[in-house]
Amino acid sequence: MDSIKIFSPSSVANLSCGFDILGLCLETICDEMIIKKSNTPGLRISKIEGEELPMSIEKNVAGVAAKSYLDMYPTDIGIEIEINKKIKSGSGIGSSAASAVGAVFGINELLERKLKKIDLISHAINGEKIASGEAHADNIAPALFGGLSLIRDVKTLDIIRLPVPSELTVTIIHPKLVINTSHAREALSKQVPLKNMIKQTANIAGLISGLFLEDYDLISRSLNDEIIEKDRSLLIPEYFKLKSAALESGALGCGISGSGPSVYALSRSKITAESIAAGFKSVILKTGLDFDIYISKINLDGVKKI
Ligand code: ADP
């Protein structure tokens with residue numbers, strides 16, 4: 001095998017009350033990557049389509065993740081990475097995580113090393129670090145494993161795969177403005193009032209229980225963010241109107257995807273997901289911003305070879 005093609009998926013991190021600890025994998029939008037053996041020794045990013053991104057190994061998350069993997073599992077074989085970027089960087093749906101995961105997974109497949117996905121994750125996280133400034137797995141874990149992931153502790157890679165109730169459907173709107181993840185983190189208050197912390201932990205416990213019980217009403221009651229939304233919503237034009245439109249259209253819940261500007265809503269059917277999309281559209285059209293809207297089931301497989 002001299003070359004393989006990878007589908008690396010987008011993801012929604014945080015899910016309202018699960019700031020930095022929850023993420024789900026999307027089906028609709030995936031980066032395509034080709035990982036090839038080369039006669040020239042070493043690692044290179046040879047082509048990037050779809051977006052202007054750094055080609056240098058040290059500045060591209062795919063390069064940093066791949067290098068981290070190859071430092072631990074060296075090879076004499078030269079490796080080239082081609083990225084066809086379909087997930088816009090800075091959109092808030094895990095663009096950088098998809099590249100990091102795709103690179104590590106792809107090289108592992110190409111070299112037929114047969115390492116398990118859990119053994120790949122730390123290298124993908126090393127790549128993601130250069131995009132967000134800190135080690136995060138809330139986009140990496142869902143992009144790698146698929147489904148819904150809980151990151152109980154990123155340092156020890158204590159990551160739990162959660163059940164995915166079968167009806168869950170996601171609607172995403174990406175208003176086209178760029179929010180830099182590290183700037184979005186700086187916008188957050190450093191102090192959390194005790195009463196908000198209590199509500200947030202009650203909601204996260206409710207959400208996890210709702211997923212296990214397949215109790216959509218409990219999921220809906222729990223999809224609230226008492227801590228982050230207030231600060232981050234300031235960066236997204238008409239955020240609260242988008243949220244009201246989603247809830248009025250039957251969403252179980254609606255919130256900021258990752259650090260934004262994308263906004264996600266969960267619902268129980270494609271029909272509801274489509275009326276949420278129409279609600280989002282009616283609000284965003286008034287802002288004059290360009291936008292993309294996606295509807296997706298939850299991707300249960302994560303990154304894969306095609
Ligand atoms: P998202 O949440 O959509 O992944 P981030 O803000 O986390 O967005 O990441 C985007 C940042 O990472 C941009 O500054 C971009 O230039 C940088 N970056 C480096 N390599 C890549 C890559 N292969 N794919 C996407 N973004 C990358």
Side-chain angles (χ1 to χ4, degrees), residues 6-15 19-20 22-26 28-35 43-69 80-107 123-144 151 154 172-188 228 232 235-236 255-264 291-292 294 296 303:
I6 300 293
F7 252 168
S8 198
S10 53
S11 49
V12 174
N14 297 346
L15 298 174
F19 179 60
D20 269 1
L22 281 184
L24 64 75
C25 187
L26 294 169
T28 320
I29 331 152
C30 296
D31 279 355
E32 282 172 26
M33 296 173 77
I34 293 175
I35 320 283
L43 173 68
R44 279 193 316 131
I45 297 176
S46 51
K47 189 157 144 196
I48 302 179
E49 282 176 3
E51 196 152 357
E52 292 266 323
L53 286 169
M55 303 279 284
S56 89
I57 295 298
E58 295 75 26
K59 292 198 178 131
N60 193 303
V61 296
V64 176
K67 185 171 179 311
S68 166
Y69 172 96
E80 276 181 27
I81 301 175
E82 291 182 12
I83 308 172
N84 185 356
K85 212 69 216 156
K86 309 252 167 140
I87 314 166
K88 306 250 166 19
S89 77
S91 54
I93 51 170
S95 171
S96 45
S99 284
V101 162
V104 173
F105 176 82
I107 294 176
H123 305 292
I125 292 172
N126 286 340
E128 173 80 324
K129 239 189 243 172
I130 64 154
S132 61
E134 282 175 54
H136 285 293
D138 49 355
N139 287 111
I140 295 282
L144 188 61
I151 322 304
V154 73
I172 307 274
I173 179 159
H174 170 212
K176 295 213 186 145
L177 60 143
V178 173
I179 296 180
N180 177 291
T181 305
S182 19
H183 292 167
R185 293 193 86 79
E186 283 155 22
L188 300 178
I228 306 301
R232 286 220 168 140
L235 304 170
I236 304 170
I256 300 168
S257 176
S259 51
S262 288
V263 174
Y264 85 97
F291 63 91
D292 285 321
Y294 310 99
S296 177
V303 65

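We count ligands from 1, going down the list as the structure has it; atoms in each ligand are counted the same way.
Taking any N or O of Ala131, backbone or side chain, none lies under 3.5 Å from an N or O belonging to ligand 1. Between Gly90 and ligand 1, at least one pair of N/O atoms sits closer than 3.5 Å. The shortest N or O to N or O distance between Ile83 and ligand 1 is not below 3.5 Å.
Listed by first then second residue, pairs satisfying side chain to side chain donor-acceptor pair (under 3.5 Å) with a partner in residues 51-66 read Glu51-Ser89, not counting sequence neighbours.
Put simply, no part of Glu51 is less than 4.0 Å from ligand 1, judged by heavy atoms. Residue contacts with ligand 1: Gly258 is excluded, as none of its non-hydrogen atoms falls under 4.0 Å. Put simply, no part of Ser132 is less than 4.0 Å from ligand 1, judged by heavy atoms.
Counting only N and O atoms by type, the side chains of Lys85 and Ser99 include a donor and acceptor under 3.5 Å apart. In summary, the side chains of Ser262 and Ser257 do not present any donor paired with an acceptor at a separation below 3.5 Å, with no hydrogens or angles considered. Residues Asp31 and Ser8 bring no donor and acceptor atom of their side chains to less than 3.5 Å of each other.
By the salt bridge (Lys or Arg N to Asp or Glu O under 4.0 Å) test, Glu82 pairs with Lys36, sequence neighbours left out.
Put simply, the side chain of Leu26 does not reach to within 4.5 Å of the side chain of Tyr294, judged on heavy atoms.
For ligand 1, the atoms closer than 4.0 angstrom to any heavy atom of Ser89 are 25 (C), 26 (N). Atoms of ligand 1 lying under 4.0 Å from any heavy atom of Ile93, numbered from 1 in the order shown and given with element: 3 (O). Set against the non-hydrogen atoms of Ser99, the atoms of ligand 1 under 4.0 Å away are 22 (C), 23 (N), 24 (N).
The closest donor-acceptor contact from the side chain of Ser46 to the backbone of Glu80 lies at 3.5 Å or more, if one exists at all. One N or O on the side chain of Asn14 and one on the backbone of Gly258 form a donor-acceptor pair closer than 3.5 Å.
The heavy atom nearest to atom 23 (N) of ligand 1, considering only Leu53, Ile87, Asn60, is found in Asn60. For the residues Gly63, Ala65, Ser96, the heavy atom positioned nearest atom 9 (O) of ligand 1 is part of Ser96.
Proximity of Lys85 to ligand 1, defined as any heavy-atom pair under 4.0 Å, is confined to the side chain (atoms from C-beta onward).
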